[in-house]
Each structure stands twice: as structure tokens, then as C-alpha cells.
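Read through the structure below, which is laid out as C-alpha cells, and then see the notes.
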Amino acid sequence: MLLAPAALLLLLIVVYPIGKLFYNSFFDMRLSGGQGSKFIGLQNYADMMKDTAFWDATLNTVIITVVTVPGALLVGLGLALLANLPFKRQWPVRLALLLPWALPLAFAGLIWAWFFHTEYGFVNDVWSRFGGEPRMWLLSPVSAFAAICIAIIWKASSFMALILLAGLQMIPKSLYEAAEVDGASKWQQFTQITLPMLMPSIVVALIFRTITALQTFDIPYTMTKGGPGNATETLAMYIHKTTIDYLDVGYGSTLAVGMFVLSLILTAVYLRHISKQESA
Amino acid sequence: MNGGIFSGARLRFFAAAIVVINGFFPAVWILLTSFKTSTELYRKPITYLPQEPTLQNYVTAAFEQPLFQVFMKNSVVVAFLSTVVSLLVASFAAYAIARLNLKNRQLILTAIIASSMFPLVTLLVPLFETMRAFG
């Protein structure tokens, strides 16, 4: 009985739209044309397989995931280790750790786009002070990609650091005292105690990060709108463009199913990890 | 905990500075920018601290943008409603899952986690359609 409201809500905002999504993916539904929808079977899926824009967007999404997930983990681990030092005043450090996470994604994207701005950006200002020629960071594919990854890593490392800091504080101090007595070096303490004890937190943080990274939308959208050309367009942005800008609902649904399958595979990996942990 | 590399107070301060600058820098930049005049914003070389600090931008945003108050109200309403609804629904469900001996507890939990991992953009299409239907 008590589950009924939650079940109803899930049914209404998750199950029904997913069903509708699969249903739509078999239709030719272009809202711009004015003609109604027509059942075309698997034609949309065949189109998707041949669509180079789809594969480019998928590749971009995978690159962003592969670069930013380990990147955010390393930066986040560094921040968590620094923030875990015994400070007299904890709150400035804690607040600084929390702030990037609390900022809306689109807001972070806009700030970083402003930083990388060719004429009025902070990055070019520092760059030219060190003798570099001002660059158009967001207008060349490679540097635009790098700029987006930096922004995502900055934003995501905050979440990583919060989870890892919680993990660090769960490690009993007595372990370090014992290691100290046995004459272990700081580095040995880090690799033999901190890292293994932190592993469960690292795995959880990595999995959550991977799944959010696959859905990357806001930061590239606000920084480059996918440009130059389609060089930084992610899968989520391509779906958005197809559906909202081109009003091609049928094909947009098919793309969304493609993305759903991609995240389903990762979710399955995640759930397997959880059930393994529970049975262990 | 292992203070080895950063045992000295000065090094600890250095560590805190890294974390604080990393976290605060963009927000502080935006705050400083908000006090700049629009001509200063497009001046080269760029300025770090506002040269002629002004509150004009805040006045413009609060009183001269007809939609600002509407946006504010919308955000507050959305935040309030979604918090209340999800708190109500989730607390019922959480109580049921935690306290009652349900047969398919694991299945229910799995379903909830799986649904939260669903890429939201993919729901955009059906929700967009629903929205169009509402006009």
C-alpha cells in the first residue's frame, strides 16, 4: 500500500514514457511536415546504423567518458586527500569541495565558456601574459574538446571528492598507528591502507560518474553547442537536436533507444557489482 | 591522518589554498563580474577586479527585466513542489521497503535504482510530445 504512490509516480514518469519511446521509434513522425505519423517498422533503426552523425556523437560521448571519468577520479582523490588533512577551520575547505557540485551544470558550462572566450577570457589573458598568442580555444575541435573535458572534470571532481572524503573518514586511525609502529613509510601507508580501504567508495563513485558522463549534455551545449561543426556533439545533444530543433520525433526516439541500450549495459554491470557485494 | 607530506602548518595552509581556490574561483569570478559595468566587461586587456564597481546589474535584473520575477517564481515553485512530492512519496516507499517484509524487496530496490539511471534526455521525446498535446 505504502509503495503505491511511488509505484504510480514511477509508472507515470518512467515506465509510460519508455514504452511510448519504443513505440514511437517504429514510426515516421516529423512534426514539421504536417503529415501524420506512419508506421515504418525498423526503417529508423536501419537509418541509425548508417547515420555517421550518430556514430560521431557516440564516439564523442565515449571519448568524453573515457577522459573525464579517470580525470575526475584523480583530481577528486587529490582534493579529498588534501581536504582530509587536519585543519583548524574545516568549513572553508568543505565549502570549496561542495561548491562545484552545487552549481547547476549549465551555469558551470557558461562560466567555463567565458573563461575560454577568445577576446575576453581569463585563459587567454594568462596565456598571453606567459608569452602565448591568444587562441580561439572553443573554435578548433581539439582544444574545444580539451576545454569541455576540463570543465567537466572540474565539475565532476567535486562529487568524486565528496564520496572519497566520506570514505577516507571511515578508515580507522588505529591502522595508521599500527603501520607507524611497524615502520611503514607514508607512501606504503597510502598504497597498503588508504587505497584498499577506499576501494569500495572509488568503485561506487566511478560507476555513478560513468553513467552520468554518458549522458553529458549541459556543459558542451552551453560551451560550444556541439561545434565547431559537430566536433563536440554528444549523443544526448544529437537526440535533443533531432527532436527539438528538427522535430523528427520518430528518429529522435530511435536514437534515444540506442542511448538507452548503451546505458542499460552499464547499469547491468553496476547492478551485478551491487548484488555481488551483497552476497559476499 | 597521515600528515607526513603536509605536516607543517605552512604546507597545510598551501593544501587548503589549492582546494579553496579550485572550488571558489569560478564563483568568485562571476561575483566580481557582476559588479562590472558593461563597458568594462568588453575592455581589453580584461580586468580582474571591477574598476568602477556598480550595482546597476542587480537593479536591472531585479526591476527592469520584466521576466526576471516570473523566472524566480517559477524556480521557487518547481523546487518547492518537487521537494514536497518526492519527499512524501519517497518516505512512504522507504518505510515500506525498510520495515515491511515484502517478498520482492530486492526486485523493487533494483527497479528503483535502474529507473534513476535512465538517461533523462531519452525521456525528452515522450515528454515533449505530452507537452505539445497540452498545448
Side-chain angles (χ1 to χ4, degrees), chain A residues 2-3 5-6 9-10 13-14 16-18 20-21 24 31 79 82-87 92-93 95-100 103 108 111-112 115 119-122 125 154 158 168 171 173 176 186 189-190 194 211 214-215 217 236 239-240 243-244 249 252-253 256-257 259-260 263 267 270-271, chain B residues 1-6 9 11-13 15-16 18-24 26-27 29-30 33 41-46 48 85-86 88-97 99-100 102 106 108 110-130 132:
Chain A
L2 289 169
L3 276 172
L9 205 66
L10 273 184
I13 61 169
V14 178
Y16 169 75
I18 294 176
K20 187 85 175 122
L21 187 74
N24 282 347
L31 300 181
L79 289 176
L82 291 178
N84 197 36
L85 295 172
F87 296 114
V93 173
L95 192 61
L97 220 50
L98 199 74
L99 203 62
L103 280 183
I111 298 177
W112 282 94
F115 280 168
E119 298 286 326
Y120 309 110
F122 166 74
D125 187 65
W154 176 78
S158 167
L168 280 174
I171 304 176
K173 283 207 172 55
Y176 294 106
K186 290 294 173 194
Q189 290 180 25
F190 179 70
T194 311
I211 286 165
L214 284 177
Q215 303 175 22
F217 176 84
I239 294 172
H240 178 267
T243 313
I244 304 292
V249 173
S253 301
V257 170
M259 186 168 163
F260 175 48
S263 33
T267 311
Y270 170 57
L271 291 176
Chain B
M1 173 225 110
N2 59 1
I5 323 163
F6 291 106
L11 286 168
R12 219 159 39 224
F13 178 79
I18 294 177
V19 179
V20 168
I21 291 172
N22 172 71
F24 277 94
W29 185 269
I30 287 301
T33 306
L41 208 54
Y42 294 108
R43 186 182 298 166
K44 288 191 78 173
I46 61 167
Y48 284 48
V85 169
S86 54
L88 263 179
V89 170
S91 55
F92 281 144
Y95 179 82
I97 291 169
R99 288 297 168 83
L100 309 179
L102 296 171
Q106 195 53 50
I108 294 166
T110 308
I112 291 176
I113 293 173
S115 72
S116 75
M117 305 210 148
F118 197 82
L120 269 184
V121 205
T122 59
L123 297 186
L124 193 84
V125 186
L127 289 177
F128 179 65
E129 263 204 305
T130 317
R132 267 179 69 100

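Worth knowing before you read on, the calculation uses all heavy atoms, side chains too, and leaves out hydrogens, waters and symmetry mates. In what follows, chains carry the letters A, B, and so on, assigned in the order in which the sequence lines appear, proteins first and then strands, with residues in each chain numbered from 1.
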Heavy-atom side-chain proximity of B:W29 to A:F115 below 4.5 angstrom: yes

Heavy-atom neighbours of B:F92 CZ exceed 12 at 6.0 Å: no

Results of side-chain contact (heavy atoms from CB on, under 4.5 Å) for B:A27 - residues two or more places apart only: A:L99

A:P92 side chain reached by B:F24 side chain, heavy atoms, under 4.5 Å: no

B:R12 side chain to A:L85 backbone, donor-acceptor under 3.5 Å: no

From A:L79 atom CG to B:N22 atom CG, the distance as rounded to the nearest 0.5 Å: 5.0 Å

side-chain contact (heavy atoms from CB on, under 4.5 Å) partners of B:I18, counting only residues at least two apart: A:L82, B:F14

Donor-acceptor under 3.5 Å (A:W112 side chain, B:P26 main chain): no

Closest approach of A:V93 to B:A16 (non-hydrogen atoms, all atoms of both residues): CG2-CB, 3.9 Å

